[in-house]
Trainee: 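My questions all concern the structure below.
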Amino acid sequence: MELSAPLTVNWTLSYRCNFDCRHCYSRGYSRPELPLADLLRIVDDLASNRVAFVNFGGGEPLLDERLWPVARAAAERGLRVSLNSNGWLLDADAARRLAEVPLASVGISLDGADPAVHDRFRSRPGSFGRAVAALDHLAAAGVPATVSTVIFRGNVGQYRRIVELAAAHGAGTVYLHNFKCSGRGKDNRAELDLDPDGWRAFYEDALAYRAGAPATLAFDDPILALLGAAGPGAVKGSTCGKLSLHLEPDGVATPCGFIPVEAGDVLRDGVATVWADSPVLRKMRQKTPTGKCRSCASLDACLGGCTARAFAATGSFDAPDPHCWAPGDDPPA
Amino acid sequence: MNGVPVRDPAVVWRDEPAQKDAILRAQAAGEPADDLGWVLLVVRGEMHELNLVAGEIWCLCDGVRDLDAVARELARRYDAPLDEIRRDVDAFVAEAVDQGWLRLQSGGTG
């Protein structure tokens, strides 16, 4: 189904951040930030076009005081509002304010089951304790909490302990995110990223663990189609540009936060126009398989896997996902 | 089966009128359209597309109409036999109740 507007908007109000994470796709990014009045105009536009979900990321959203009026306006217009935070600033008072918005959910980044792994990955001593405390503050305030975990070499062996820890501190869902080799993730890829067989082993293990896990496990990786694990009704391939859109701090749209290719100006043209007319988004929706994808029996299911990873690794939306373990025949062009 | 079908507020949904028009055009052209969706439901992070009839029924489940009223309105819109439409309504609502997307409560417009 081709939608008239995105179902989900992932919105970076600012790239300001109090962390210096080793995998960050956006550290070092900088764009002009819009005044509050323009942000509220965008909220009106999203609501008028029946965007259902808005998720604030970044950057660290809690560093930005504009978050509060923008989130409140979105919630008042009927959008389901969520945000992702590193948890450092999420104390009892912040949790109470989030409950008042109200936030549908708040995701806390937790990348290790212990401080040694998490704090090193996040390059901030004490960040593990603050993230776990943030989950407790959210639970006390009655805000539904989730945990976001970026799977990388340093934590793949302890992801079950992360899930158990998250559940013990009230997180109902744990998102096990695939590693994106974008930004610093690309710079540090050799050290952090799993190889394709490693990804396969992880996903096979996680899918087997899912039914008995103490929290709901969620994955956002189209490559799971290789294991026949696409959920009912799930969109094939990347959802970016098909269901979701990313907004930069200046109102410019990109397919997702990991693909820094401008698709149009939402503040100037409106989200529906950008969504319908952007050649970049059309290309996201109509990839032309290349390389081993062209002869792969799984192409219909995965549509080439994660477009962001392919783009980061090769500069092409159409290239095979570098995490893909399917052999393919790589026929001549 | 009767009662008023009420949507679960946790189900996020959106209809896509342009997709509905495309389905109607396909049907008019004699093309297969049963698998084409025009209403999107997001349920606990999973997406489901509803086809023409299921989408119509879902949109009519406004918490006021009972099943008889839903069927009558749908039969009127499509100039279709009421008993045939009622079977479609019952089948979809039973499935949606089973999935937790709808619940049936007593009362309604009759």
Side-chain angles (χ1 to χ4, degrees), chain A residues 1-9 46-55 74-75 77-82 102 104-105 107 144 146-148 171-177 210 215-222 224 229-239 242-244 271-272 275-276, chain B residues 6-29 31-64 91-102:
Chain A
M1 188 195 311
E2 190 154 318
L3 304 185
S4 56
L7 198 64
T8 299
V9 164
L46 301 183
S48 299
N49 286 285
R50 300 189 300 156
V51 171
F53 304 94
V54 61
N55 180 66
R77 295 295 305 270
L79 284 85
R80 308 281 176 118
V81 182
S82 59
S105 69
T146 65
V147 155
S148 290
T173 299
V174 178
Y175 292 89
L176 297 173
H177 292 290
R210 181 160 58 173
T216 300
L217 300 190
F219 309 95
D220 62 352
D221 197 337
L224 275 165
V235 168
K236 291 179 179 177
S238 290
T239 58
K242 299 173 195 163
L243 294 173
S244 62
V271 69
W275 185 256
Chain B
V6 179
R7 300 181 196 116
D8 182 342
V11 175
V12 177
W13 66 281
R14 192 168 83 191
D15 61 313
E16 292 285 345
Q19 295 299 312
K20 179 181 171 182
D21 291 344
I23 293 171
L24 292 172
R25 284 197 302 275
Q27 286 185 336
E31 298 165 4
D34 285 353
D35 293 337
L36 300 179
W38 73 284
V39 174
L40 188 65
L41 308 187
V42 183
V43 188
R44 293 179 289 277
E46 289 185 346
M47 270 155 286
H48 304 266
E49 290 183 20
L50 303 184
N51 68 11
L52 181 63
V53 174
E56 289 277 25
I57 297 168
W58 175 262
C59 292
L60 287 168
C61 292
D62 56 5
V64 176
F92 172 76
V93 169
E95 171 71 14
V97 168
D98 190 48
Q99 294 276 358
W101 306 344
L102 292 173

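Source: prediction; values computed, not measured. Protein chains get the first letters and strands the later ones, always in sequence-line order, with residue 1 at the start of each.
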Trainee: Given that the side chain runs from C-beta out, which part of B:Asp35 has a heavy atom under 4.5 Å from chain A: side chain, backbone, both or neither?
Mentor: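 Neither part.
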Trainee: Let me know if A:Leu7 has heavy atoms under 4.5 Å from chain B in its side chain, its backbone, both or neither.
Mentor: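 For A:Leu7, backbone and side chain are both near chain B.
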Trainee: Check whether A:Ala5 gets within reach of chain B through its side chain, its backbone, both or neither, counting any heavy atom under 4.5 Å.
Mentor: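 For A:Ala5, the contact with chain B is made by backbone and side chain together.
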Trainee: How far apart are the C-alpha atoms of A:Asn49 and A:Trp275, what are their side-chain angles, what is the distance that settles it, and do they pass the side chain to side chain contact (heavy atoms under 4.5 Å, CB included) test?
Mentor: CA-CA 11 Å; A:Asn49 286 285; A:Trp275 185 256; over 6 Å; no
Trainee: Tell me, do A:Leu79 and A:Val51 make a side-chain contact under 4.5 Å, heavy atoms counted?
Mentor: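 Answer yes - side chains close enough.
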Trainee: Would you indicate whether A:Glu2, at its atom CD, is surrounded by more than 12 heavy atoms from other residues, nucleotides or ligands within a distance under 6.0 Å?
Mentor: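 Count not over threshold, so no.
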Trainee: Quick one: sort the B:Trp13 and B:Trp58 rings into parallel, tilted or perpendicular, breaks at 30° and 60°.
Mentor: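 B:Trp13 vs B:Trp58 ring planes: perpendicular.
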Trainee: Select, from A:Ser4, A:Ala218, A:Ala52, the one with the greatest count of heavy-atom pairs under 4.5 Å involving chain B.
Mentor: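 If we count pairs closer than 4.5 Å to chain B, A:Ser4 comes out on top.
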Trainee: Identify which part of B:Val39 has an atom lying under 4.5 Å from any heavy atom of chain A, answering side chain, backbone, both or neither.
Mentor: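 Interface part for B:Val39: backbone (N, CA, C, O).
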Trainee: For A:Phe53, look at atom CZ and say whether over 12 heavy atoms of other residues, nucleotides or ligands are found less than 6.0 Å away.
Mentor: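 More than 12 heavy atoms, drawn from other residues, nucleotides or ligands, come within 6.0 Å of this atom.
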